[in-house]
J.: 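Below you'll find the structure I mean.
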2 protein chains.
Amino acid sequence: MDKNEIEERMHALLQACSDAGARLTPQRIEIFREVVESEEHPDAEMIYQRVRERLATVSLDTVYRTLWWLAGLGLVATVGPAKESTRFDANLTRHHHFVCVRCGLTRDFYSRDLDNLELPASVAAIGSIERTQVEVKGICHACAERQKSEVPASQGEPGQA
Amino acid sequence: MDKNEIEERMHALLQACSDAGARLTPQRIEIFREVVESEEHPDAEMIYQRVRERLATVSLDTVYRTLWWLAGLGLVATVGPAKESTRFDANLTRHHHFVCVRCGLTRDFYSRDLDNLELPASVAAIGSIERTQVEVKGICHACAERQKSEVPASQGEPGQA
DNA sequence: GTTTTTGCAAAGAATTTGCAGCTTT
DNA sequence: AAAGCTGCAAATTCTTTGCAAAAAC
């Protein structure tokens, strides 16, 4: 990723931070930088370790808080189903997943077309390919219904305590 | 899923169990059944609760043990990256993931084609779609290298303690 | 100066493990 | 009878939270 891109994203986060009326602390700034610069998708601990090198005075819980706060603003996403417990999949036939971002419901669906996707050459540069699966994130009908019957519109945070 | 399919899978697990020289206990049988019958992808707790209804004498740790044992034999898979801690993704541009099944390394890749996949109609029946992403599982080059330098061929379990 | 954040340490949740006793083969 | 399982309870690991002190606006 080029330096420009990084600065741009960094700027976006700082901007979002003040837009949200939150304070710009050195901890947050360093966490932002780490989040923006990392190419892999780090967990809280990794970010903590890296930030720590530059800012000895940071704690793991601040990293967690900041990360989830960013996630709440939609500025970072979490990889995989969610921050849930490990889910198991006994479907050994080729299939794809629909994951509800609200409740974590995971359902399979099938598609011949999706079974045989062409991947870009760049993937081979990362590693050898074993299995390819499409993951659709969305909101399941049950959660959509649940939403309808809730308060139509307040200014509080939406759903999912 | 039709009854035939279920019985077939059930049979496969029981067979694999005895092939592996493991014992057929009532707990395992009920856990197998739950795993095979579930349409969503349950976590250990869910399976525990359901098995419990039919077999009061089962414990959560037996469920865990059985599930991971099945996973070790490749008879069930885990959904998402792995049994790892939550990973964060600050890449807000449209992208796809390569995940190393050995070390959990997660890297982004890009493809216009994959950005606009056509999903089968069946997906809409599950819920509303927000985002679609391709997840490629494989082994990253670093892990492949690591493997080469290890004992070429024993009969012990491969890598990753 | 006020309000938000932080760090600490303790609380919680999820998952794993040692061990004695019970079951399966 | 022998070897493998199971359940319990304690240990780990990961993550969150309450609160007083410190920092940002």
Side-chain angles (χ1 to χ4, degrees), chain A residues 13-32 34-35 41-49 51-52 54-73 76 78-88 104 157 160-161, chain B residues 13-35 41-49 51-73 76 78-88 104 157 160-161:
Chain A
L13 289 190
L14 293 172
Q15 186 63 49
C17 192
S18 50
D19 285 357
R23 290 177 181 173
L24 241 12
T25 63
Q27 289 87 335
R28 278 187 184 156
I29 293 173
E30 292 307 320
I31 293 168
F32 288 178
E34 215 45 75
V35 157
H41 296 297
D43 60 17
E45 180 74 31
M46 291 179 200
I47 293 179
Y48 170 59
Q49 292 302 343
V51 168
R52 208 152 133 75
R54 276 175 286 130
L55 194 71
T57 158
V58 73
S59 68
L60 181 56
D61 51 288
T62 295
V63 173
Y64 272 109
R65 278 190 280 231
T66 303
L67 251 21
W68 284 115
W69 176 75
L70 285 175
L73 292 179
V76 306
T78 53
V79 178
K83 56 153 183 173
E84 289 189 350
S85 35
T86 308
R87 281 160 173 271
F88 295 85
E157 52 265 58
Q160 201 189 27
Chain B
L13 289 190
L14 293 172
Q15 185 64 49
C17 192
S18 50
D19 284 358
R23 290 177 182 177
L24 242 11
T25 63
Q27 290 87 334
R28 278 187 185 156
I29 293 173
E30 292 306 320
I31 293 168
F32 288 179
R33 182 160 295 283
E34 215 46 75
V35 157
H41 295 298
D43 60 17
E45 180 74 31
M46 293 181 201
I47 293 180
Y48 170 58
Q49 293 301 344
V51 168
R52 208 149 130 75
E53 288 170 19
R54 277 176 285 130
L55 194 70
T57 158
V58 73
S59 67
L60 181 56
D61 52 283
T62 294
V63 173
Y64 272 110
R65 277 189 280 229
T66 303
L67 251 20
W68 283 116
W69 176 74
L70 285 175
L73 292 179
V76 306
T78 54
V79 179
K83 57 154 183 172
E84 288 188 349
S85 36
T86 308
R87 281 160 173 271
F88 295 85
E157 53 265 58
Q160 197 189 29

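Just so it is clear: chains get the letters A, B, ... in the order the sequence lines come, proteins before strands, and each one is counted from 1. For the numbers below, each heavy atom of this structure counts, side chains included, while hydrogens, waters and symmetry mates do not.
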J.: Locate the shortest heavy-atom distance separating A:Thr62 from A:Gln27; write the atom from each residue and the value.
T.: CG2-CB, 4.1 Å

J.: Below 4.5 Å, heavy atoms only, C-beta onward: do A:Leu67 and A:Val76 meet side chain to side chain?
T.: no

J.: Expressed as a whole number of angstroms, how long is the span from B:Ile47:CD1 to C:dA14:P?
T.: 15 Å

J.: Among the nucleotides C:dG7, D:dG7, D:dC25, which one has an atom lying closest to any side-chain atom of B:Asp61?
T.: D:dG7

J.: Checking all strands, does A:Ala22 fall into the base, sugar-phosphate, or nothing category for heavy-atom contacts under 4.0 angstrom?
T.: sugar-phosphate

J.: Looking only at the side chain of B:Leu24 (C-beta and beyond, no hydrogens), which of the listed nucleotides D:dG7, C:dT16, C:dT25 gets closest?
T.: C:dT25

J.: Can you tell me the distance, in whole Å, between the OH atom of A:Tyr64 and the C1' atom of C:dA13?
T.: 12 Å

J.: Are OP1 or OP2 of D:dT15 and a side-chain N or O of B:Thr86 less than 4.0 angstrom apart?
T.: yes

J.: Rounding to a whole Å, what distance do you find between B:Leu60:CG and D:dC8:P?
T.: 11 Å

J.: Check whether any side-chain nitrogen or oxygen of A:Gln27 sits under 4.0 Å from OP1 or OP2 of D:dA24, and answer yes or no.
T.: no

J.: Please state whether the phosphate of C:dT4, meaning OP1 or OP2, lies under 4.0 angstrom from any side-chain nitrogen or oxygen of A:Thr25.
T.: no

J.: To the nearest angstrom, how far is A:Arg52 atom CZ from C:dT6 atom P?
T.: 16 Å

J.: Looking at the side chain of B:Arg23, which of D:dT16, D:dC8, C:dT25 is the nearest nucleotide?
T.: C:dT25

J.: Within this structure, what is the CG-to-P distance between B:Leu55 and D:dG7, rounded to whole angstrom?
T.: 7 Å

J.: For residues B:Ile31 and B:Trp69, determine if any side-chain heavy atom of one lies less than 4.5 Å from a side-chain heavy atom of the other.
T.: no

J.: Of the listed nucleotides (D:dG7, D:dC14, C:dT6), which one gets closest to any side-chain atom of A:Thr62?
T.: C:dT6

J.: Check every atom of D:dC19, D:dC8, C:dT16 against the side chain of A:Arg65 and return the nucleotide holding the closest atom.
T.: D:dC19

J.: Tell me if the side-chain of B:Arg28 makes a donor-acceptor pair with the base of D:dG4, cut-off 3.5 Å, by modelled atom types.
T.: no

J.: Any side-chain heavy atom of B:Arg87 within less than 4.5 Å of one from A:Met46?
T.: yes

J.: Whole Å only: how far is the CH2 atom of A:Trp69 from the P atom of C:dT5?
T.: 8 Å

J.: Roughly how many Å is it from CD1 in A:Ile31 to P in C:dG7, rounded to a whole number?
T.: 8 Å

J.: Any side-chain N or O of A:Thr57 below 4.0 angstrom from OP1/OP2 of C:dG7?
T.: yes

J.: Rounded to the nearest angstrom, tell me the gap between atom CD in B:Glu30 and atom C1' in D:dG7.
T.: 17 Å

J.: Provide the closest heavy-atom pair for A:Val58 versus A:Tyr48 in the form atom of the first, atom of the second, distance.
T.: O-CE1, 3.4 Å

